[in-house]
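Notes follow once the structure below has been shown.
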Amino acid sequence: MILYSRNRRLRTSASIRALVQQTVLTTNDLVMPVFVMEGENTKEAIASMPGIFRRSIDLTVQECRELFSLGIKAVNLYMKVPENLKDNKGTESWNPDGLMQRTIKAIKDAVPEMVVMPDVALDPYSIYGHDGIITNGKVDNDATNDALVTMSISLADAGADILAPSDMMDGRVAAMREGLEENGHTDVGILSYAAKYASSFYGPFRSALDSAPKDFADIPTDKKTYQMDFHNSREALDEVYKDVAEGADIIMIKPGMPYLDIVAKVREVIDLPIAVYNVSGEYAMLKAAAQNGWLDNDRAILESLTCIKRAGADMIFTYAAKEAAVLLNNQ
């Protein structure tokens, strides 16, 4: 029997495989999440995320210089807020001298070409650990939107390039866009967490910022009233369409690997850039398996990130960004 078509012909050597490779991961695809804390020359390991640290502003700037030298051109900022600065409204989030604002200014002064994407959400600033203001035991959508607009303007004033609202309040993209336009920030982008699921894969992240919902009487101890139900997929498309209509510049889908079907579906119907968050639980699982010798760390990192890009991502938020950049630069 003569086989006229043999797929293996295009797999016979590394050079041939490179010629026909359909998805290419580069450092341009990577966004590094960065945790910042008060202090000076201070660095704390995050136990549940091996290789990831909370850093004071001076060491964060140092880290950003190194990231940029590796080819990583964007960072996503998160603050470890002291307990005494937390309240129900998240008022510290728009303090012009707050930790986030000082961090943005320091990074832009030191590495002007670094794209700075601060997280826009109230949970690190909330006494309740929720992404919104609590009114009568519930997360108040519209009051939260007002706070997010005030926070957004403050972060834009500090020099943020792209704002990343991760809260999942209805209508917040339109409210933020209007607030930014009215305050002269026409060039500041919005990367909307359009399809963010109520996932069990966020645990290590919440321990890094102490931002999990607190156990208060009559207040939900989860985020299921605003983050999406992981059983649903059509709902994600509805969320995406609404955020696009409200003026989002980039769409985020979160988590990553367990939700690649959502990434692929969204890629088919929108032309805006898609960001995907390879979240802390995904990172922690890979690291735990690698530390036990069950996976090859380097190969697993590059494979998992390439799979996310193959599904349709234009950019990937990942705690493995620095490791991946080193690996890609050495290929």
For this session: Carefully, step by step, assess T318 and L30 under the rule side-chain contact (heavy atoms from CB on, under 4.5 Å).
Result: CA-CA 7 Å; T318 176; L30 305 175; 4.2 Å; yes

Problem set entry | Test log, rule side-chain contact (heavy atoms from CB on, under 4.5 Å), inputs V36 and R55 | CA-CA 5 Å; V36 186; R55 295 178 174 87; over 6 Å; no

For this session: Walk me through it: do D161 and V188 pass the test side-chain contact (heavy atoms from CB on, under 4.5 Å)?
Result: CA-CA 5 Å; D161 298 291; V188 175; over 6 Å; no

Problem set entry | Evaluation steps, salt bridge (Lys or Arg N to Asp or Glu O under 4.0 Å), between K196 and D167 | CA-CA 9 Å; K196 180 180 180 180; D167 56 285; over 6 Å; no

Exercise. Should M32 and N76 be marked as a side-chain contact (heavy atoms from CB on, under 4.5 Å) after you check the CA-CA gap, both sets of side-chain angles, and the distance that decides it?
Worked result: CA-CA 6 Å; M32 183 71 184; N76 177 217; over 6 Å; no

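Pairing each heavy atom of A198 with each of K224, the nearest pair is CB-CG, 4.0 Å. In terms of heavy-atom proximity, N183 sits nearest to G179 at ND2-O, 2.8 Å. Taking every heavy atom of both residues into account, S56 and G39 meet most closely at CB-O, 3.3 Å. Nearest approach of P255 to P258, heavy atoms of both residues: CB-CD, 4.4 Å. Nearest heavy-atom pair across L25 and L328 is O-CD2, 3.6 Å. Minimum heavy-atom separation, I104 to A160: CG2-N, 3.6 Å.
Going from atom CE of M285 over to atom CZ of F201 covers 4.5 Å, rounded to the nearest 0.5 Å. Atoms CG and CZ, on N95 and R102 in that order, are 8.0 Å from each other to the nearest 0.5 Å. Taken to the nearest 0.5 Å, the CZ atom of R54 stands 5.0 Å off from the CD atom of E44. Note that OG1 of T103 and CD1 of I57 are 3.5 Å apart. Values are rounded to the nearest 0.5 Å.
L70 is not connected to L305 by any chain of hydrophobic side-chain contacts under 4.5 Å among Ile, Leu, Val, Met, Phe, Trp and Tyr, and they are in different clusters. By the rule that hydrophobic residues join a cluster once side-chain heavy atoms approach within less than 4.5 Å of another member, F53 and M100 end up as members of separate clusters. Both V61 and I72 are assigned to one and the same hydrophobic cluster, defined by single-linkage of ILVMFWY side chains at heavy-atom distances under 4.5 Å. A continuous path of Ile, Leu, Val, Met, Phe, Trp and Tyr side chains, each step under 4.5 Å between heavy atoms, connects V244 with V269, placing both in one hydrophobic cluster. Tracing side-chain contacts under 4.5 Å through hydrophobic residues (I, L, V, M, F, W, Y), one reaches I316 starting from L327; they form part of the same cluster.
In this structure, K254 is positioned above the aromatic face of F205, its NZ or CZ under 6.0 Å from the six-membered ring centre and within 45° of the axis. Under the 6.0 Å distance and 45° angle rule, K86 does not count as a cation-pi partner of Y125. Judged by the 6.0 Å and 45° rule, K265 forms no cation-pi pair with Y259.
Although no hydrogens or angles enter the test, the distance criterion places no donor-acceptor pair under 3.5 Å between the side chain of D119 and the main chain of L77. The backbone N or O of I190 sits less than 3.5 Å from a side-chain atom of D249, completing a donor-acceptor pair. K73 contributes a side-chain N or O that, together with a main-chain N or O of G71, makes up a donor-acceptor pair within less than 3.5 Å. Judged by distance alone, the side chain of N141 and the main-chain N or O of D170 form a donor-acceptor pair under 3.5 Å. Under a 3.5 Å cut-off, the side chain of N232 and the backbone N or O of E235 do not form any donor-acceptor pair. Listed for the K223 side chain is no donor-acceptor partner under 3.5 Å among the backbone atoms of Q227. In terms of modelled atom types and a separation under 3.5 Å, the side chain of S126 and the main chain of L122 share no donor-acceptor contact. Side-chain N or O atoms of S69 include none that pairs as donor or acceptor with a backbone N or O of L67 at under 3.5 Å. Distance alone, capped at 3.5 Å, is enough to place a donor-acceptor pair between the D87 side chain and the T91 backbone. With hydrogens and angles ignored, the 3.5 Å screen pairs a side-chain donor or acceptor of T144 with a backbone N or O of I133.
No more than 12 heavy atoms of other residues, nucleotides or ligands shown are found within 6.0 angstrom of CD on E178. For CD of Q21, the number of neighbouring non-hydrogen atoms (other residues, nucleotides, ligands) closer than 6.0 Å is greater than 12. Under a cut-off of 6.0 angstrom, the local environment of CD in E303 is sparse, with at most 12 non-hydrogen atoms contributed by other residues, nucleotides or ligands. For K89, the NZ atom sits in a loose shell: 12 or fewer heavy atoms of surrounding residues, nucleotides or ligands are nearer than 6.0 Å. The environment of CG in D222 is crowded: more than 12 heavy-atom neighbours from other residues, nucleotides or ligands sit within 6.0 Å. Heavy atoms of other residues, nucleotides or ligands lying less than 6.0 angstrom from CG of D271 number 12 at most.
Y193 is linked by a ring pair (Phe, Tyr, Trp, His ring centres under 6.0 Å) to nothing, counting only residues two or more places apart in sequence or in another chain. Partners of D238 according to the side chain to side chain donor-acceptor pair (under 3.5 Å) rule, which considers only residues two or more places apart in sequence or in another chain, are K242. Not a single side chain to side chain donor-acceptor pair (under 3.5 Å) links N329 to another residue, sequence neighbours left out. For Y197, there are no side chain to side chain donor-acceptor pair (under 3.5 Å) partners at least two apart in sequence or on another chain. Residues passing the side chain to side chain donor-acceptor pair (under 3.5 Å) test with D314, sequence neighbours excluded: R267.
Counting heavy atoms from C-beta outward, I134 and I127 have side chains that stay 4.5 Å or more apart. Side-chain contact check for S304 versus E282: every heavy-atom pair is 4.5 Å or farther apart. Contact annotation: the side chain of D298 approaches that of D296 to within less than 4.5 Å [non-hydrogen atoms, C-beta and beyond]. Proximity of E239 to M168: side-chain heavy atoms (C-beta onward) are separated by under 4.5 Å at one or more points. In this structure, the side chains of I250 and L272 stay at 4.5 Å or more apart for every pair of heavy atoms. In this structure, E66 and K322 have side chains that are in contact, with non-hydrogen atoms separated by less than 4.5 Å. Side chains of P82 and E38 form a contact here, defined as non-hydrogen atoms less than 4.5 Å apart. Considering only heavy atoms from C-beta on, Y128 stays 4.5 Å or farther from D123 through its side chain.
Using modelled atom types and a 3.5 Å distance limit, the side chains of Y319 and Y277 yield a donor-acceptor pair. Looking only at atom types and distance, the side chain of Q101 has a donor-acceptor partner in the side chain of S154 under 3.5 Å away. For the 3.5 Å distance criterion, the side chains of N297 and E323 qualify, holding a donor opposite an acceptor. Judged purely by distance below 3.5 Å, without hydrogens or angles, the side chains of H231 and D229 pair a donor atom with an acceptor atom.
A salt bridge (Lys or Arg N to Asp or Glu O under 4.0 Å) with R172 is found for one member of D131, D142, D243 and no other, namely D243.
Residues in residues 1-29 take part in these salt bridge (Lys or Arg N to Asp or Glu O under 4.0 Å) pairs, two or more places apart or across chains: D29-K309.
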